[in-house]
Amino acid sequence: MGPLFYRLSQLRVRTVIASILIATVLIALGLFSVWVWAGKKMERIITDQFNEQQLMLARKIADNVEVYVDFLEYQLVSYAQAYQVEGISLSLFRDFLTLQIDYLKDFGMLGIRVYDTEGQLADTLSPRDFFDPARSESLPAKYLAWTKNPKNKNHLFLTEIFTWPGPPWRGQRVMAILTPLYRLMPNSKNTTHPQFNGVLEIIFDPLFICGMVTRDIRSGKTGYPMIIDQDGFFLAHYEKPFIGRQQNIVRQERNPTLSYERINDIVNNYMLRGREGTDWYISGWHRERVGEIKKLIAYTPIRFDKGMIRGITQVEGDGRNLWGVGVVAPIEEVYGLVRTFQINQGLFVGFFLFLLMGVSYLLIGAVYGWNRVLAQEVESKTEALRQSHERLLRSERFAAVGEAAAYVSHEIKNPLMVIGGFARQLERNPEVSQTASSKLRIIIDEVRRLENFLGELRDFTRPAPPFKQEADLNELVRDVAAMMGEATQEMGVKIETKLANTLPLVNFDANQMKQVLINLVKNALEATDSGGVITISTAAWEDQVRLSVTDTGKGIQPEIMPQIFNPFFTTKKTGTGLGLAVINKIIEDHNGAITVESSKDRGTTFTISLPCQS
């Protein structure tokens, strides 16, 4: 019985060991399968999310291009209407357009041309396009026929991109917007209906516009945008030599060994046919890297039949005259980290096959630990990517608000000056009655208020860069407290200071920071009833200096708290909504941050944090 029992016990031990080894292998194979499945699913999810964010970026670029073209179209319509309504001479009209040249250059305009009723060039306005009466130039017959059609009065015609044949833009790819000119003719029998009197044309540079809207835009770490016109020419690209050239030709020249069938199919059958979507293709390079690189691409069209100017713009080659925006990035950047962790996991899983039962359980725990680390890393990278895109979109929205504000300021300033000037002249006229004089005084006061608003708008849209100097923030607080003391006393409000005894020096623009502090004190004064207290305090915190303005007023309503730094948001009847937006911009320019805390009927505290001078 002894030897038999020994052999049976050995058999059972071997069976248990074999069972454990088989179970370990099965567990390892199961983990390997789950690892492969989860890795592929994770790659797919991250890839789809990244491409959706690239698509949002492409849409924003397309919208910005359309805004530029809409603005030029709006300007051309306004010029033609001014010519018809005012009935000014061609020389005065030329003087009026000359004033617009420098302003419109910032929106890609190359020149303004005026043609007579027979399509002959009558005048030009451009730094490079000088009118030469001896040089006969005429408008193409198809464009002249369109402008002479009475149905096209007060309408616009947008051409396709074409290569300018002669001076001053020989060989340059440009676009043109045309509109007919109408006016009442002094010697005509028809004194009620304006007659066709020529053509007004704006020539603009689409490459300049595309370069402006794509400048400094990046997708992920090294991704970039590109714009292609209706003929497949690059209007914007990270590779500067590509701009202005046919996309499939430059790719073939750069690396003739690769097949570009997939990207050419995406461009020709999707991007240039007005479609929107996401895809991938194989490239032969990316920035400074050379070799076969798989890239993700998100694309969307740029159309010229939508936007602000609707119903009056005819697009040449409608259905073909559209561009494509693409945003690309190497796919390895999206889930390169995921693959690194997958390889590490695979090594551990394979190692399970050669370990005993006790060691295998420990390694399984390590694998789960690695899974948790992997999930945290992927979540962290995905969140960082999302925040990066949110900051980019928020910056573009802020830039779009700035462009719109600059446009509004430009359109209001000139007529406002005229209204104010005429009102002041009439007020000084002794023949004006007392009642009329009172009304003129109201006009003058309102004009002055609007001029002040335009000043704030100018400061908001074109803020001066800070001139930083090393200074003591406590001295600035004392100056402002002394300056605002009389105003607070008149309102029955007490102003106090609580300054740190030892405060590190800070680099800041004294004038801008004084403007910030004065505006915060004014806001606090408006929110504080008689008998209240406004406290200005300073403190040092780690590597920062903090400046706080606290009032005992009614506080800020929680529902409007997220909007208080938005441009043009205000709860005041006479406010512009720019004060806190300008303050926020100044603090950002000083590499600082501003926060706000508020409680109903207990007051509000604005806190500014600035980096210390090292």
Side-chain angles (χ1 to χ4, degrees), residues 65-66 68-85 88 90 93-94 96-98 100-101 104-105 107-126 128-129 131 135-169 172-183 194-206 208-209 229-230 302-323:
V65 171
E66 291 161 7
Y68 270 84
V69 177
D70 283 342
F71 177 75
L72 293 175
E73 291 176 347
Y74 176 81
Q75 293 293 79
L76 188 63
V77 168
S78 64
Y79 298 160
Q81 290 177 347
Y83 181 79
Q84 174 181 330
V85 174
I88 57 178
L90 186 60
F93 186 57
R94 187 184 195 281
F96 168 72
L97 293 180
T98 303
Q100 309 295 315
I101 293 297
L104 293 180
K105 285 192 303 184
F107 293 87
M109 193 208 67
L110 297 172
I112 301 176
R113 291 188 152 207
V114 183
Y115 298 87
D116 62 20
T117 56
E118 299 304 318
Q120 296 299 313
L121 183 63
D123 205 351
T124 63
L125 295 99
S126 168
R128 294 174 55 190
D129 189 12
F131 177 65
R135 186 178 70 189
S136 176
E137 290 189 48
S138 59
L139 191 67
K142 60 180 180 178
Y143 299 154
L144 180 62
W146 182 90
T147 56
K148 282 189 172 183
N149 189 338
K151 294 181 179 179
N152 296 323
K153 179 184 176 183
N154 296 325
H155 282 63
L156 300 173
F157 187 90
L158 176 67
T159 71
E160 295 182 344
I161 292 183
F162 61 94
T163 302
W164 192 266
W169 309 295
Q172 185 172 347
R173 291 181 67 76
V174 301
M175 291 184 76
I177 312 173
L178 306 100
T179 189
L181 290 175
Y182 280 79
R183 68 179 301 175
Q195 300 180 20
F196 176 75
N197 197 42
V199 181
L200 187 63
E201 179 185 44
I202 283 182
I203 308 294
F204 66 94
D205 183 0
F208 172 87
I209 293 175
D229 72 9
Q230 77 276 353
I302 299 177
R303 302 181 181 275
F304 299 104
D305 55 356
K306 64 177 185 177
M308 292 191 304
I309 311 299
R310 293 188 181 184
I312 66 170
T313 300
Q314 180 176 334
V315 180
E316 182 180 17
D318 193 15
R320 192 187 90 89
N321 189 2
L322 49 81
W323 304 344

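Only heavy atoms go into these numbers, but all of them, side chains included; no hydrogens, no water, no symmetry mates. Positions are given from 1 along the sequence.
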Legend entry - Member of Met109, Glu73, Met175 meeting the side-chain contact (heavy atoms from CB on, under 4.5 Å) criterion with Ile202: Met109

Inset, instruction - Apply the side-chain contact (heavy atoms from CB on, under 4.5 Å) test between Val77 and each candidate in Thr313, Leu156, Ile177, Leu72; give the one that qualifies. - result: Leu156

Inset, instruction - Quick one: list whatever passes side chain to side chain contact (heavy atoms under 4.5 Å, CB included) with Leu200, sequence neighbours left out. - result: Leu76, Tyr79, Phe93, Leu97, Ile112, Val114, Thr179, Leu181

Legend entry - Contacts of type side chain to side chain contact (heavy atoms under 4.5 Å, CB included), residue Phe157, not counting sequence neighbours: Tyr143, Trp146, Thr159, Leu178, Gln314, Glu316

Legend entry - Residues forming a side chain to side chain donor-acceptor pair (under 3.5 Å) with Asp205, sequence neighbours excluded: Gln172

Legend entry - Close side-chain approach of Asn154 and Tyr182, heavy atoms under 4.5 Å: no

Legend entry - pair Arg173-Phe162: side-chain heavy atoms closer than 4.5 Å: no

How close do [X] and [Y] get, counting heavy atoms only, and between which atoms?
| X | Y | value |
| --- | --- | --- |
| Gly108 | Ile209 | CA-CG1, 4.4 Å |
| Val174 | Trp164 | CG2-CE3, 3.8 Å |
| Ala80 | Pro180 | CB-O, 4.3 Å |
| Thr147 | Leu144 | OG1-O, 2.8 Å |
| Phe304 | Leu322 | CE1-CA, 4.5 Å |
| Gln120 | Glu137 | OE1-O, 3.5 Å |

Inset, instruction - May I have all residue pairs that pass salt bridge (charged side-chain N to carboxylate O under 4.0 Å, His left out) and include part of residues 149-166, sequence neighbours excluded? - result: Glu160-Arg320

Inset, instruction - Could you tell me whether a side-chain N or O of Glu66 sits under 3.5 Å from a main-chain N or O of Ile302, the two making a donor and an acceptor? - result: no

Inset, instruction - Calculate, to the nearest 0.5 Å, the distance between atoms CZ and CZ belonging to Phe71 and Phe204 respectively. - result: 13.0 Å

Inset, instruction - Assess whether side chain to side chain contact (heavy atoms under 4.5 Å, CB included) is satisfied between Tyr115 and Leu121, documenting all intermediate values. - result: CA-CA 4 Å; Tyr115 298 87; Leu121 183 63; 3.9 Å; yes

Inset, instruction - Check salt bridge (Lys or Arg N to Asp or Glu O under 4.0 Å) between Glu201 and all other residues, then give those that pass, not counting sequence neighbours. - result: none

